[in-house]
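Encoded as structure tokens, the structure appears first; notes follow it.
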Amino acid sequence: MSNDIKMLHTVNKSPFERNSLESCLRLAKDGSAVLLIEDAVYGALLNTSVSDQVAARTGNLRVCVLGADLNARGLADKPLIDGVEIVDYGGFVDLACEHDTVQSWL
Amino acid sequence: MSNDIKMLHTVNKSPFERNSLESCLRLAKDGSAVLLIEDAVYGALLNTSVSDQVAARTGNLRVCVLGADLNARGLADKPLIDGVEIVDYGGFVDLACEHDTVQSWL
Amino acid sequence: MKFGILVNEGPFTHQASDSAYLFAKAAIAKGHEVTRVFFYHDAVNNSNKHSAPQSDDRNLVKLWSELGTEHGVDLVVCVAAALRRGITDDLLAEGFNISGLGQLIEVGIEADRLVTFGD
Amino acid sequence: MKFGILVNEGPFTHQASDSAYLFAKAAIAKGHEVTRVFFYHDAVNNSNKHSAPQSDDRNLVKLWSELGTEHGVDLVVCVAAALRRGITDDLLAEGFNISGLGQLIEVGIEADRLVTFGD
Amino acid sequence: MADDYDDDDDGPEVVKRFMFVNRKAPYGSIYALESLEVVLISAAFDQDVSVVFMDDGVFQIKKGHDTDGINMKNFSKTYRALDGYDVEKLYVEAESLAARGLTEEDLIVDVEVLSSSALSDLMNSQDVVISA
Amino acid sequence: MADDYDDDDDGPEVVKRFMFVNRKAPYGSIYALESLEVVLISAAFDQDVSVVFMDDGVFQIKKGHDTDGINMKNFSKTYRALDGYDVEKLYVEAESLAARGLTEEDLIVDVEVLSSSALSDLMNSQDVVISA
């Protein structure tokens, strides 16, 4: 579309429990950013039953994960999917600024 | 196990949104009853992406669905999976009496 | 048969409280006893007497109060969960009382069945 | 940049209110403006001044109040959602005000970004 | 307490593209009902409003709701009133319908059924996206 | 307001088998923390208590929680204190661990790892099952 804007998608639910990450990945357009926060940070882990689903989009989406939520859940020592960036709350704010619209997948 | 009791499992979440029906079906022992209430009544419908998962257990589980919740959601006209029984709130109470323990999959 | 009921969610936001209420009513209608309803987590908000839903909507706080007073159902609001969420004695509708989590374990022991409604 | 924030859940039960608060703080720390936080659905419970979490836990109601008064953030509690849930003017912590849903659309129009936190 | 409705005259002049995304089933939680209330209010602001039903949100507009047995208000007719508020752009994701065994015939309002990919394009043309 | 803890002496004499089933991730919602509070109280009643971690509940007992960055209380050490309350029967579903890329080494407490089928048998021997 000619009037395309840049979108930041946030997801906050565990991909093992709910379908919100799956729906976000289905609808997020190439070139968009996806930020995993709260219980969605589990979606950034390597070697889980949902890793492949996320890894399949890291080539054409910018996938980020909130470090504070990763650390809270004791995941600092766990390998993440290749290409996933860790950001802090300031980075979350920057992402929101850099994109025209923020959509939350609740 | 020798001290086996009879269980009623209730599920109240949509199987399209959450994993609770799937977990319930994985853990429910043959001979138990499963009652679908609230948004879980969608799990009783035929011809959906989760119908097969439920139909695979109707042979060895008693699967019931709360009629009041089906009707609320406009599903009275929709075909249900073979073997699924519709019960009313009185039937819910009876099921709870007939089984020794009630487990809610929230 | 003696039923205990555990409710985990506040009124309106989730159907849990509605379902619990209709289950309790059906059990009483069938001649069973509902000895206690325990309100935990956000369910403590079921006791807020200021709840004023639209006139064509059900008023769950009032329905629970009536059930409690008419049928002698003990409506227990968990003190720890209530403190966190700002539910104080001043806010309690008729029939509700604030007490400890021990009341949940107790009804689990004493009732024939404990049925949970939540999110 | 001007941010509007929509919060959909009460304090404690879901992390949404915590995340929204930390996002608002980070935005302000970076020199942005948070013009309004709109509390909808169960988020109206964020304004209950009687909330008394354990002493070693965060007190979200207080944190929001401070953010509102220190940084001029308009803390709007939706009137329709509040009525249903029994949140009255008497319960409001400092800095919160009850107003209509129009305030949400208005901040959506006026802010550069609207960011939602919910369940 | 302020009035729930703002006068059109008081509204800001900017016209933004607002999209409301409904992904949750009705009655099991209040999000469907309270989100509909936001859509109705938005109509008073003369913005460019779209409403999307996807995932379990498609169940919100299933025909034939009858809530007598659960003691809750049946608000499904309100979707039919959206037209009267000039909220005319209603979209449904085709994949969500199919997974739930539904077709357009099952829906209480006229909608435009879009593929995921077409819906994705539409989302990427919005200024504000509100979901619950 | 009643005291949060009942004296052992006042408790009923019946011993029932109580199972607490934890299926939700910590911090994203309060269920993990408030459910742990119920388990602790149950210890005062001299019942036969089991605690199960399955689905996202296994994340509750992942090692190394550090909640400084989210301003929430880290309650994971309390699971290690359960032993002191004579709550010793902790079970984890093997399938849940595997799907999440975790092993017993990742857990902060000693648990018995059970297959779905063994866990199913255990559930079917309980008098009261409480989940949140």
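No hydrogens, no waters, no symmetry mates; every other heavy atom, side chains included, goes into these values. Computed from a predicted structure; not experimentally measured. Within every chain, numbering begins at 1; the chains are lettered A, B, ... in the order of the sequence lines, protein sequences first and strands thereafter.
Most heavy-atom pairs under 4.5 Å with chain B, from the set F/Leu119, F/Val128, F/Val129: that is F/Val129.
Contacts of F/Met54 with chain B are made by side-chain atoms alone, with heavy-atom separations under 4.5 Å and no backbone atom involved. For F/Ser117, no part sits under 4.5 Å from any heavy atom of chain B, backbone or side chain. Heavy atoms of B/Ser32 lying under 4.5 Å from chain F belong exclusively to its side chain. Looking at B/Asn19, both its backbone and its side chain come within 4.5 Å of chain F, counting heavy atoms on both sides.
For B/Asp82, the CG atom sits in a loose shell: 12 or fewer heavy atoms of surrounding residues, nucleotides or ligands are nearer than 6.0 Å.
A salt bridge is defined here as a Lys NZ or Arg NE, NH1 or NH2 lying under 4.0 Å from an Asp or Glu carboxylate O, and B/Glu38 with B/Arg73 fails to meet this definition. Taking 4.0 Å as the cut-off between side-chain N and carboxylate O, F/Arg100 and F/Asp56 count as a salt-bridged pair.
Ring pair F/Tyr79/F/Phe53 is perpendicular by interplanar angle, where above 60° counts as perpendicular and below 30° as parallel. Note on ring orientation: taking the six-membered ring where Trp is involved, the planes of F/His65 and F/Tyr27 are perpendicular (angle over 60°, cut-offs 30° and 60°).
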